[in-house]
Amino acid sequence: MFHLGNRLIALCCALIAAWSFPPWKGFAQPLQTAASPTAQISAAPKSAEYGWIEGVVVDPQEKPVDGAWVNAVGEAESKLPLGGRWPPGPSTTTDSEGKFVLSVVVDNPVHVFASKESDYYTGGSILNMSLAPSFNTPKVEEVDVKPGQTVTVRLQLAKKAGKIKLCVRDAVTKELLVDGIFSEWCAKGLPVTYSCGRLSGQSDYESLVSTDVDLSIRIEARDGLHKWWEYRNPKTGSRYYRARSGKTEVVNVYLRKK
């Protein structure tokens, strides 16, 4: 009876440990960070399939960032179907001290990214890369986690991005268009093949934008009834938009009927 009680206690402890560190921990949530990796490897409970990446995210002043989104992408994750998620692979958020833990597939070199869009820290999400190409794409050098290992990294966020909010309206009624818009974004001074992205979105659309690039913005209505519109700075007349760090600019777009 004594031995049976000990076995039950051991089984309960094992179940609690498995629930606290499931292999899928961190697979959730929808990044400009400058990575400053100092990778340290330490021992962790052995696992045939998983290891861990842990670390801290800090702002440009070296202060911990709580609620930052962190994710790791490697070759194994890139081969998975997106299933509505970007990016594929493990992701999580930092705690009040800027710390995080990711469980990752072992023997699968990964890059680790971090961001906090609510505080204007953008980075490698597919949407932001399309709208605002970043020429210092954030990533940690490849981290290769072995079975039962924990790799420690440090991520330092770069300066804050800016944000643009487009409100696309009918020029006569001043009402937002119901059917949404097509938008084309091109970086100044680069070949169109590498610098332009075309997206479909709502009529009141906003996105974080890198402060390191000048963008031309062209808007068309999806209803096919309106003429296209191209961004012009109301003060200088320039056709390129430059975001301001940590600031949101609202741009009202008035489309005229064809």
Side-chain angles (χ1 to χ4, degrees), residues 2-59 62-116 121 123-126 137-158:
F2 177 79
H3 293 295
L4 179 59
N6 283 346
R7 290 178 182 178
L8 288 174
I9 292 172
L11 177 60
C12 290
C13 291
L15 289 174
I16 291 172
W19 181 257
S20 300
F21 271 100
W24 58 88
K25 182 178 180 182
F27 282 68
Q29 290 98 355
L31 18 172
Q32 193 128 308
T33 67
S36 179
T38 52
Q40 299 175 352
I41 298 178
S42 59
K46 289 187 177 181
S47 169
E49 299 181 18
Y50 296 94
W52 292 271
I53 297 175
E54 66 179 15
V56 63
V57 177
V58 297
D59 66 15
E62 299 287 339
K63 296 180 180 179
V65 180
D66 69 306
W69 184 61
V70 184
N71 73 282
V73 179
E75 183 177 353
E77 288 78 21
S78 66
K79 294 180 180 179
L80 296 174
L82 290 180
R85 295 182 296 112
W86 176 262
S91 63
T92 188
T93 54
T94 57
D95 63 16
S96 60
E97 297 180 340
K99 297 178 180 179
F100 66 90
V101 178
L102 292 171
S103 59
V104 295
V105 179
V106 297
D107 296 323
N108 170 39
V110 296
H111 293 127
V112 185
F113 300 82
S115 69
K116 189 176 181 182
Y121 292 117
S125 72
I126 190 169
T137 303
K139 66 182 178 182
V140 167
E141 294 179 1
E142 277 194 337
V143 177
D144 191 357
V145 182
K146 301 300 181 182
Q149 286 184 338
T150 297
V151 178
T152 302
V153 299
R154 178 183 179 85
L155 300 175
Q156 183 177 32
L157 298 171

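Both backbone and side-chain heavy atoms feed into the values below; hydrogens, waters and symmetry mates do not.
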Smallest separation among heavy atoms of [X] and [Y], with atom names:
{"X": "Glu54", "Y": "Val101", "answer": "CB-CG2, 4.0 Å"}
{"X": "Ser96", "Y": "Asp66", "answer": "CA-CB, 3.6 Å"}
{"X": "Gln149", "Y": "Asp144", "answer": "OE1-O, 4.4 Å"}
{"X": "Gly51", "Y": "Val145", "answer": "CA-CG1, 3.6 Å"}
{"X": "Val65", "Y": "Thr94", "answer": "O-OG1, 2.6 Å"}

Check your understanding: How far does CH2 of Trp69 sit from NZ of Lys116, to the nearest 0.5 angstrom?
Key -> 15.0 Å
Please examine the side chains of [Y] and [X], heavy atoms only from C-beta on, and report whether any two atoms are closer than 4.5 Å.
{"X": "Val57", "Y": "Leu157", "answer": "yes"}
{"X": "Val70", "Y": "Val112", "answer": "yes"}
{"X": "Lys146", "Y": "Val106", "answer": "no"}

Exercise for review: Dump the intermediate steps for side-chain contact (heavy atoms from CB on, under 4.5 Å) on Phe100 and Asn71, then the final yes or no.
Suggested key: CA-CA 10 Å; Phe100 66 90; Asn71 73 282; over 6 Å; no
